[in-house]
Asks: 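Before I ask anything, here is the structure I am working with.
As a basis for the values below, the full set of heavy atoms in this structure was taken, side chains included, without hydrogen atoms, waters or symmetry mates. Counting starts at 1 for both ligands and their atoms, following the listed order.
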Amino acid sequence: MPVQVTTEVRDSVAWLTLSNPPVNALTAPLIGDLTTALDDARPPAIRAVVLRAAPGAHVFSAGHDVHELPRHGRDPLTYDDPLRLAVRRIETHPTPVIAMVEGTVWGGACELVLSCDLVVVAEGCTFALTPARLGVPYNLSGTLNLLKVTEMHFVKEMLFTAQPIPASRMAAYGVVNRVVPAGELEATTAELAADIASGSPLVHQVMKEELRVLANAHPMTPETHERIQAERRRVYDSEDYQEGLRAFDEKRRPVFRGR
Ligand code: YXS
């Protein structure tokens, strides 16, 4: 199987390109290749990482590979799920990771992009959080990751409507750092990466970890966690969950009946 994440190193910046045509679905093999590429992109040799799709991509990533979602009675987003592994791997990577985005971003790929440390997008880019369209009970660390980067009402609009949100609104809510014309995307990202690469990698590593632990500092009792997990189980055990997956396979809009 061809490698689904390729790496090019330029001036101590590692450029990682997602390469799983036609829509960069986040399959387990792709996440494995992403992890390997990140393992090879460590300081002090590498001072910054850029995560991108192929130049001119219409779809940055269609999110979790729907065909890999469990069909019967299993949590689709467990701790060891490929998407969860990828998000944590980016969050704990010892150098800053910049997401350079063109095209459309869907589902769990939105969280993957937003788990990066900076986000630079091309005009025309959109982000769509789709669990409600697929019947998937998103998980606690995933919804927390969204809350960490923007305001509650905006998170709820994205999650409850599951509609593509334009780059301009993502920037207005502070979710992305830069919105630039597509022709300037790579140069803008390269300039940001160069600025980062000229800084102290030791300081970057400790400040990134400080920000991660502070942002994740949310007390929750074991009983509360168990209650939420029980509520999530009712969703992934539901007929609606089956309907969401069936509708995707049949390329039609789902009809959710709330059971
Ligand atoms: O029919 P073929 O075999 O040609 O395959 C089609 C699609 O089925 C396939 N494909 C995917 N396969 C696995 N996982 C996916 N997420 C996925 N998305 C698409 O790719 C082939 C080309 O798709 P097609 O014909 O629709 O291309 P298009 O250019 O017209 O449209 C591209 C998209 C991305 C707009 C469209 O494919 C789409 O809306 N895909 C679903 C996006 C989405 O809902 N992703 C969320 C996945 S679930 C997830 O990330 C989390 C678990 S959650 O749901 O909780 O957020």
Side-chain angles (χ1 to χ4, degrees), residues 1 4 18-31 34 51 53-54 56-88 90 99 101-116 121 124-147 149-150 155-167 170 175 228-229 231-238 240-256:
M1 175 179 286
Q4 298 186 15
L18 302 179
S19 179
N20 181 24
V23 294
N24 281 337
L26 301 178
T27 60
L30 182 147
I31 300 304
L34 175 61
L51 182 65
H58 295 298
V59 178
F60 177 86
S61 171
H64 204 298
D65 186 327
V66 175
H67 305 120
E68 290 186 357
L69 292 176
R71 297 281 155 155
H72 297 289
R74 276 189 64 240
D75 187 340
L77 291 173
T78 54
Y79 186 80
D80 293 329
D81 174 82
L83 173 64
R84 306 304 334 144
L85 291 172
V87 167
R88 289 199 305 272
I90 287 174
V101 184
E102 53 190 315
T104 55
V105 190
W106 302 84
C110 293
E111 190 193 345
L112 184 73
V113 166
L114 302 184
S115 69
C116 294
V121 305
C125 171
T126 61
F127 289 74
L129 278 171
T130 53
R133 196 172 81 171
L134 273 165
V136 173
Y138 220 59
N139 61 306
L140 277 166
S141 59
T143 44
L144 175 60
N145 283 342
L146 302 174
L147 262 182
V149 296
T150 190
V155 172
K156 288 182 174 180
E157 178 184 342
M158 292 187 77
L159 285 173
F160 295 163
T161 67
Q163 288 303 310
I165 304 285
M170 297 295 279
V175 182
I228 294 292
Q229 287 300 92
E231 291 186 29
R232 293 187 60 248
R233 170 172 289 179
R234 276 194 283 280
V235 179
Y236 62 74
D237 276 352
S238 70
D240 276 0
Y241 179 72
Q242 298 299 326
E243 165 61 9
L245 299 182
R246 217 175 14 247
F248 176 84
D249 291 341
E250 297 167 4
K251 298 186 183 295
R252 61 175 172 80
R253 289 182 69 82
V255 177
F256 295 122

Asks: So is W106 polar-close to ligand 1, meaning N/O to N/O under 3.5 Å?
Replies: no

Asks: Using heavy-atom distances only, which candidate in A62, S61, A132, P21 approaches atom 18 (N) of ligand 1 most closely?
Replies: A62

Asks: Look at ligand 1 and say whether V23 reaches it with a heavy atom at a distance under 4.0 Å.
Replies: yes

Asks: Pick one of side chain, backbone, both or neither for how V136 approaches ligand 1, counting any non-hydrogen atom pair under 4.0 Å.
Replies: side chain

Asks: Can you give me the closest heavy-atom contact between L146 and V155, atom names plus distance?
Replies: O-CG2, 3.7 Å

Asks: Would you say atom 56 (O) of ligand 1 touches the protein, meaning some protein heavy atom is under 4.0 Å from it?
Replies: yes

Asks: A quick test of your reading: do over 12 heavy atoms of other residues, nucleotides or ligands sit less than 6.0 Å from CZ of R233?
Replies: no

Asks: For atom 14 (N) of ligand 1, which protein heavy atom lies nearest, and how many Å away is it?
Replies: V66 N, 3.0 Å

Asks: Of all the heavy-atom pairs spanning A167 and V121, show the shortest one and how long it is.
Replies: CB-CG2, 3.7 Å

Asks: Any idea which heavy atoms bring C116 and L51 closest together, and the distance?
Replies: SG-CD2, 4.2 Å

Asks: Under 3.5 Å, N or O to N or O, is H64 touching ligand 1 that way?
Replies: yes

Asks: With a 4.0 Å cut-off, strictly under, does atom 28 (P) of ligand 1 pick up any protein heavy atom?
Replies: no

Asks: Out of F60, Y138, F248, who is nearest to atom 41 (C) of ligand 1 when you count heavy atoms only?
Replies: F248

Asks: Nearest protein heavy atom to atom 13 (C) of ligand 1, by residue and atom, and its distance?
Replies: D65 OD1, 3.3 Å

Asks: Could you walk me through whether F60 and T104 pass side-chain contact (heavy atoms from CB on, under 4.5 Å), step by step?
Replies: CA-CA 5 Å; F60 177 86; T104 55; over 6 Å; no

Asks: By number and element, which atoms of ligand 1 are closer than 4.0 Å to a non-hydrogen atom of G63?
Replies: 50 (O)

Asks: Starting from atom 48 (S) of ligand 1, locate the nearest protein heavy atom and write down its residue, its atom name and how far away it is, to 0.1 Å.
Replies: L134 CD1, 3.3 Å

Asks: Identify the protein heavy atom lying closest to atom 38 (C) of ligand 1, giving its residue, its atom name and the separation to 0.1 Å.
Replies: R133 NH2, 4.4 Å

Asks: For atom 22 (C) of ligand 1, find the nearest protein heavy atom and state the residue, atom name and distance (0.1 Å precision).
Replies: P22 CG, 4.0 Å

Asks: Within the protein, is there a heavy atom lying under 4.0 Å from atom 45 (N) of ligand 1?
Replies: yes

Asks: For the residue pair P137 and L77, what are the closest heavy atoms and their distance?
Replies: O-CD1, 4.2 Å

Asks: Under 4.0 Å from a heavy atom of G107: which atoms of ligand 1 are those, numbered in the order shown and with their elements?
Replies: 46 (C), 50 (O), 56 (O)

Asks: When you look at CZ of R253, are more than 12 heavy atoms from neighbouring residues, nucleotides or ligands closer to it than 6.0 Å?
Replies: no

Asks: So, does K251 sit close enough to ligand 1 that a heavy atom of it is under 4.0 Å from the ligand?
Replies: yes

Asks: Protein heavy atoms near atom 24 (P) of ligand 1, is at least one of them under 4.0 angstrom away?
Replies: no

Asks: Among residues at least two apart in sequence or on other chains, which ones pass side-chain hydrogen bond (donor to acceptor under 3.5 Å, both in side chains) with S141?
Replies: R84, N139

Asks: Within 4.0 Å of atom 4 (O) of ligand 1 (strictly less), any protein heavy atom?
Replies: no

Asks: So T126 and M170, side-chain contact (heavy atoms from CB on, under 4.5 Å) or not? Walk me through it.
Replies: CA-CA 8 Å; T126 61; M170 297 295 279; over 6 Å; no

Asks: Can you name the nearest heavy-atom pair linking E111 to G142, along with the distance?
Replies: OE2-CA, 3.4 Å

Asks: What is the closest protein heavy atom to atom 12 (N) of ligand 1, and at what distance does it sit?
Replies: H67 CE1, 3.6 Å

Asks: Does some non-hydrogen atom of the protein lie less than 4.0 angstrom from atom 16 (N) of ligand 1?
Replies: yes

Asks: Can you sort out the partners of E68 under side-chain hydrogen bond (donor to acceptor under 3.5 Å, both in side chains), two or more places apart, ordered by chain and number?
Replies: none

